[in-house]
Amino acid sequence: MGDYRKLKVWVRADAFVLKVYRATEGFPVAERFGLRSQIRRSAVSVPSNLAEGAGRNTDPQFKQYVRNALGSANEVGYQLSLAERLGFIPVPKAKELIGIAQELCRMLASLLHNAG
């Protein structure tokens, strides 16, 4: 596959992770190992799967990691919605992040469709 850092979706996903980390800093202490941790892991999983998949030798392997990234992008979108409804993230910030997660889903679906 080559250098994952050249993938537009990886660049967007990497920037998303930074935004998610900043947005989840103010979560309640009780959520340190709960929803905050899960949101962060799901967000990190998107660019991580793209990086790992790009290091694989075959298109089918790459596509599987793109599928994994897509699943994580959907997962974090739900988790951000839950965090907003619980009052952990302000509505405007949650909407921004959920919008980015949805954009990542579209980008990943397109990459999956166009990959090998």
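Note that the structure is predicted; figures quoted are calculated from it, not measured. Worth knowing before you read on, the calculation uses all heavy atoms, side chains too, and leaves out hydrogens, waters and symmetry mates.
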- Answer with yes or no whether the hydrophobic clustering places Val17 together with Met107; edges join I, L, V, M, F, W, Y residues whose side-chain heavy atoms lie under 4.5 Å apart. no
Is a donor on one side and an acceptor on the other found under 3.5 Å between the side chain of Ser72 and the backbone of Asn68? yes
| Steps toward side-chain contact (heavy atoms from CB on, under 4.5 Å) verdict (Asn49, Val66) | CA-CA 7 Å; Asn49 271 294; Val66 174; over 6 Å; no
Distance col, row Cys105:SG vs Ile100:CD1, nearest 0.5 angstrom, shows 12.0 Å
Rounded to the nearest 0.5 angstrom, the CD-CZ distance for Glu103 and Arg12 is 4.0 Å
Leu111 vs Phe62 side-chain heavy atoms within contact, under 4.5 Å | yes
Heavy atoms of Phe16 and Leu80 approach each other most closely as CZ-CD1, 4.0 Å
Is the backbone of Arg36 close enough, under 3.5 Å, to the side chain of Arg40 for a donor and an acceptor to pair up by distance? no
Taking every heavy atom of Tyr4 against every heavy atom of Ala51, the minimum-distance pair comes out as CG-CA, 3.6 Å
All heavy atoms of Ala23 vs all of Lys93, minimum pair found to be CB-CG, 4.0 Å
request  = Go through the steps for Leu108 and Leu50 under the test side-chain contact (heavy atoms from CB on, under 4.5 Å), then give the verdict.
outcome  = CA-CA 9 Å; Leu108 290 162; Leu50 291 171; 3.8 Å; yes
Q | Stepwise side-chain contact (heavy atoms from CB on, under 4.5 Å) check, Tyr21 with Val44 | A | CA-CA 10 Å; Tyr21 264 74; Val44 168; 3.8 Å; yes
Output for pair (Gln61 CD, Gln64 CD), nearest 0.5 Å, gives 10.0 Å
Closest heavy-atom pair, Ala83 versus Ile39, reported as atoms and distance to 0.1 Å, is CB-CD1, 3.9 Å
Interatomic distance, CG@Asp14 vs CZ@Arg5, rounded to 0.5 Å, equals 10.5 Å
- [ ] Evaluate whether atom CZ of Arg85 has more than 12 neighbouring non-hydrogen atoms of other residues, nucleotides or ligands under 6.0 angstrom away.
- [x] yes
| said: Evaluate Glu96 against Lys19 for side-chain contact (heavy atoms from CB on, under 4.5 Å), listing each step before the verdict. | reply: CA-CA 10 Å; Glu96 174 194 355; Lys19 287 179 179 278; 3.0 Å; yes
The side chain to side chain contact (heavy atoms under 4.5 Å, CB included) partners of Gln38 (sequence neighbours excluded) come to Arg41, Ser42, Glu75, Gln79
Exercise for review: State plainly whether one hydrophobic cluster holds both Trp10 and Tyr65, where clusters connect Ile, Leu, Val, Met, Phe, Trp and Tyr through side-chain heavy atoms under 4.5 angstrom apart.
Suggested key: no
Rounding to 0.5 Å, atoms OG (Ser81) and CD1 (Ile89) come to a distance of 10.0 Å
Heavy atoms of Ala101 and Gly77 approach each other most closely as CB-CA, 4.0 Å
Sorted by chain and number, sequence neighbours left out, side chain to side chain contact (heavy atoms under 4.5 Å, CB included) with Ala13 holds for Val46, Pro47, Leu104
Rounded to the nearest 0.5 Å, the CZ atom of Phe88 sits from the OG1 atom of Thr24 at a distance of 12.0 Å
